[in-house]
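Data block below; observations after.
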Amino acid sequence: ANTFQNMSSKAGAIARVRKKEVVKVIHSALLRTNIKSQMASAAPPLGPQLGQRGVNVANFCKEFNKETGHIKPGVPLPTRIQVKPDRSYDLEICSPTSSWLLKQAAGIRRGKQNADEIAGILSVKHIYEIALVKSKDKALIGVPLQKICRDLVKQCFTLGIKVQNEDLDPEELGKFLEERKQVVADQLQAFADKKAAKMLRTV
């Protein structure tokens, strides 16, 4: 009986040890992420992502912020970091994200919140100019400009930005943007009220 108990306790101990085994996660050598221009820092998520791949985070942030010094701070830049076995890396910084460029061109900070909502208006000329900017990205070299334009129009639909063939009338656009400001303010207020009510229910 004692032998059986000893065997059981050993088996239990082995089982407990096995449960405590840590599975090592192998991270991809290629990290794709968006980093704001001049604002790379060791804070999550970037710091841990680089640290897990053995990259010197402080040096990376210093280099990235220097490389993006000519860009307005806070612009989201798609970035590809290829980490080598010796922990050095190749850094590729692309043009700002398509959604940021589209919203900037439309003069809005927020896309649609409802299915039928029009959040902004752009002309096909705007789409063409943005496509020219995006076509210089390494990942899009060789991609026909027409396809880049089509993809941008699809993204406009997702954001609630109406694309029209005609040039925008400055007066009409100004009126639309003023009305849009009020709509967004009402949406944010409704969201804040809903959040406050939820917090009160949980107290």
| message | List the residues meeting side chain to side chain donor-acceptor pair (under 3.5 Å) with Ser135, not counting sequence neighbours, and say none if there are none. | response | none

| task | Quick one: closest heavy-atom pair of Leu31 and Gln49, and the distance? | result |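 The answer is CD2-CB, 3.9 Å.
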
When you measure from the side chain of [X] to the backbone N and O of [Y], does any donor-acceptor pair fall under 3.5 Å?
{"X": "Asp86", "Y": "Ser88", "result": "yes"}
{"X": "Asp137", "Y": "Cys94", "result": "no"}
{"X": "Thr79", "Y": "Asn34", "result": "no"}
{"X": "Ser37", "Y": "Thr68", "result": "no"}
{"X": "Glu117", "Y": "Gln113", "result": "yes"}

| task | First locate atom CZ of Arg53, then atom CG of Leu30, and finally report the distance between them rounded to the nearest 0.5 Å. | result |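 Reported to 0.5 Å precision, the distance equals 8.5 Å.
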
| field | Point-to-point distance, once rounded to the nearest 0.5 Å, from OG of Ser98 to NZ of Lys103 | value |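 Taking OG in Ser98 and NZ in Lys103, the distance rounds to 11.5 Å.
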
Do any side-chain atoms of residues 160-168 form donor-acceptor pairs under 3.5 angstrom with protein atoms, and if so which ones, sequence neighbours left out?
residue	atom	partner	partner atom	Å
Gln164	NE2	Glu166	O	3.2
Asp167	OD1	Lys125	NZ	3.3
Asp167	OD2	Lys125	NZ	3.3

| request: Salt-bridge test for Glu178 and Lys181: reply yes if a basic N is under 4.0 Å from a carboxylate O, no otherwise. | output: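 Yes, Glu178 and Lys181 are salt-bridged.
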
| field | Pair Lys134 + Glu129, salt bridge at N-O below 4.0 Å | value |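 Result for this pair is no, no salt bridge flagged.
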
With a cut-off of 3.5 Å and sequence neighbours excluded, list every side-chain donor-acceptor pair involving residues 145-155.
residue	atom	partner	partner atom	Å
Lys147	NZ	Asp151	OD2	3.0

| Modelled atom types, side-chain donor and acceptor of Gln38 and Glu67, under 3.5 Å |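 Side chains of Gln38 and Glu67: no pair found under 3.5 Å.
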
| Side-chain H-bond candidate by donor/acceptor type, Gln182 with Asp186, under 3.5 Å |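 On atom types as modelled, these side chains qualify, holding a pair under 3.5 Å.
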
| field | For Lys112, salt bridge (Lys or Arg N to Asp or Glu O under 4.0 Å) partners two or more places apart | value | none

| field | Other cluster members, Val184 - Ile/Leu/Val/Met/Phe/Trp/Tyr, side-chain contacts below 4.5 Å | value |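 In the cluster with Val184 are Leu188.
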
| field | Phe157: hydrophobic cluster co-members (side-chain, 4.5 Å) | value | none

| said: Are the side chains of Arg110 and Gln187 in contact, using a 4.5 Å heavy-atom criterion? | reply: yes

